[in-house]
Amino acid sequence: FKLLIKKLKEENVIAINFDRPNVYGETKEAFEASRIFENNNCVPANKDTYPPATIFLDISGNAEDLIKNFNTKHRYNINVAKRKNLTVTFDTTDEKIEQFYFLQKLTAKRQGYIIKPKSYFETLIKFYSKKSKCVLSNVYYENEPIASWVFIIEGDTAYYLYGGMYRDWETDRKSVV
């Protein structure tokens with residue numbers, strides 16, 4: 001931290017944002033990460049850049065067993081998606097990134113959280129894609145984007161940190177594009 005702070009002062013930087021460390025819950029690693037930030041006078045921002053909840057889903061089983069263990073509402077939504085013939089792409093083209101960012105802006109505005117600039121996501125997606133460690137998934141209804149998620153892969157874990165959804169996609173879909 002001392003070298004970082006020295007460099008930041010040389011560049012006249014007045015603030016820096018750290019994303020949460022990759023640790024969760026009440027683990028030894030989580031307490032150590034918190035201690036490092038506290039000992040270096042880091043204070044939490046007044047708004048989160050990530051949603052506050054984290055869910056772990058073990059996907060090592062087969063798809064049928066996973067779906068059986070979903071709650072009723074999730075299973076219902078999966079069946080609606082099948083009936084509506086939603087399509088999914090896995091692609092990191094500029095067009096798909098643009099669609100992702102548009103949907104994330106809608107979601108952030110609706111839910112009241114701050115998002116990073118588009119250039120951040122372009123860099124993140126392209127950097128990790130080159131290493132085969134990024135999946136950008138877009139969902140379409142009648143060829144219009146309605147949902148998008150970015151997953152970063154590390155080891156045997158995929159992290160979903162960013163995404164967006166057009167909430168009223170079926171009733172108001174004409175205003176999506």
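Legend: residues meeting side chain to side chain donor-acceptor pair (under 3.5 Å) with N62, ordered by chain and number and at least two apart, are D65. By the salt bridge (Lys or Arg N to Asp or Glu O under 4.0 Å) test, E38 pairs with no residue at all, sequence neighbours left out. Take Y128 and apply the ring-ring contact (aromatic ring centres under 6.0 Å, His included) test, not counting sequence neighbours, and it matches no residue. The salt bridge (Lys or Arg N to Asp or Glu O under 4.0 Å) search around K6 returns E10, not counting sequence neighbours. With sequence neighbours excluded, the residues forming a salt bridge (Lys or Arg N to Asp or Glu O under 4.0 Å) with R35 are E32, listed by chain and number.
If you take CZ on R110 and CE on M165, they are separated by 7.5 Å, rounding to the nearest 0.5 Å. Note that OH of Y160 is 10.5 Å distant from OG of S137, once rounded to the nearest 0.5 Å. With rounding to the nearest 0.5 angstrom, the NZ atom of K73 is 5.0 Å from the CG atom of N77. Note that the OG atom of S60 and the CG atom of L66 stand 7.5 Å from one another [nearest 0.5 Å]. Here the straight-line distance linking atom CZ of R75 with atom CG of N69 works out to 8.5 Å at 0.5 Å rounding.
Of all non-hydrogen atoms in Y113 and G163, the two that sit nearest each other are OH-O, 3.9 Å. Nearest approach of C134 to I153, heavy atoms of both residues: N-CD1, 4.5 Å. Pairing each heavy atom of T107 with each of G164, the nearest pair is OG1-CA, 3.2 Å.
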Given the rule in the side chain to side chain contact (heavy atoms under 4.5 Å, CB included) test, do L3 and K7 qualify, once you have shown the distances and angles that lead to the verdict?
CA-CA 6 Å; L3 181 60; K7 186 65 176 167; 5.6 Å; no
Run the side chain to side chain contact (heavy atoms under 4.5 Å, CB included) check on V80 and L86 step by step: do they pass?
CA-CA 9 Å; V80 168; L86 300 186; over 6 Å; no
Would you please test I78 and I67 for side chain to side chain contact (heavy atoms under 4.5 Å, CB included) and show each step?
CA-CA 9 Å; I78 290 169; I67 292 171; 4.2 Å; yes
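Relative ring orientation between H74 and F70 is described as perpendicular, the plane-to-plane angle rising above 60° on a 0-90° scale split at 30° and 60°.
A heavy-atom distance below 4.5 Å is not found between the side chains of E11 and L8. Using a 4.5 Å cut-off on side-chain heavy atoms (C-beta onward), S148 and L136 make contact. A 4.5 Å side-chain heavy-atom check between V150 and I125 finds at least one atom pair inside the cut-off.
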Contacts table for residues 94-105: side-chain donor-acceptor under 3.5 angstrom, sequence neighbours left out:
{"from": "D94", "atom 1": "OD1", "to": "K126", "atom 2": "NZ", "distance (Å)": "2.7"}
{"from": "K96", "atom 1": "NZ", "to": "Y140", "atom 2": "OH", "distance (Å)": "3.0"}
{"from": "E98", "atom 1": "OE1", "to": "K118", "atom 2": "NZ", "distance (Å)": "2.4"}
{"from": "Q99", "atom 1": "OE1", "to": "N138", "atom 2": "ND2", "distance (Å)": "3.3"}
{"from": "Q99", "atom 1": "OE1", "to": "Y140", "atom 2": "OH", "distance (Å)": "2.4"}
{"from": "Y101", "atom 1": "OH", "to": "K116", "atom 2": "O", "distance (Å)": "3.1"}
{"from": "Y101", "atom 1": "OH", "to": "K118", "atom 2": "N", "distance (Å)": "3.4"}

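Ring centers of F121 and Y162: under 6.0 Å apart, within the cut-off.
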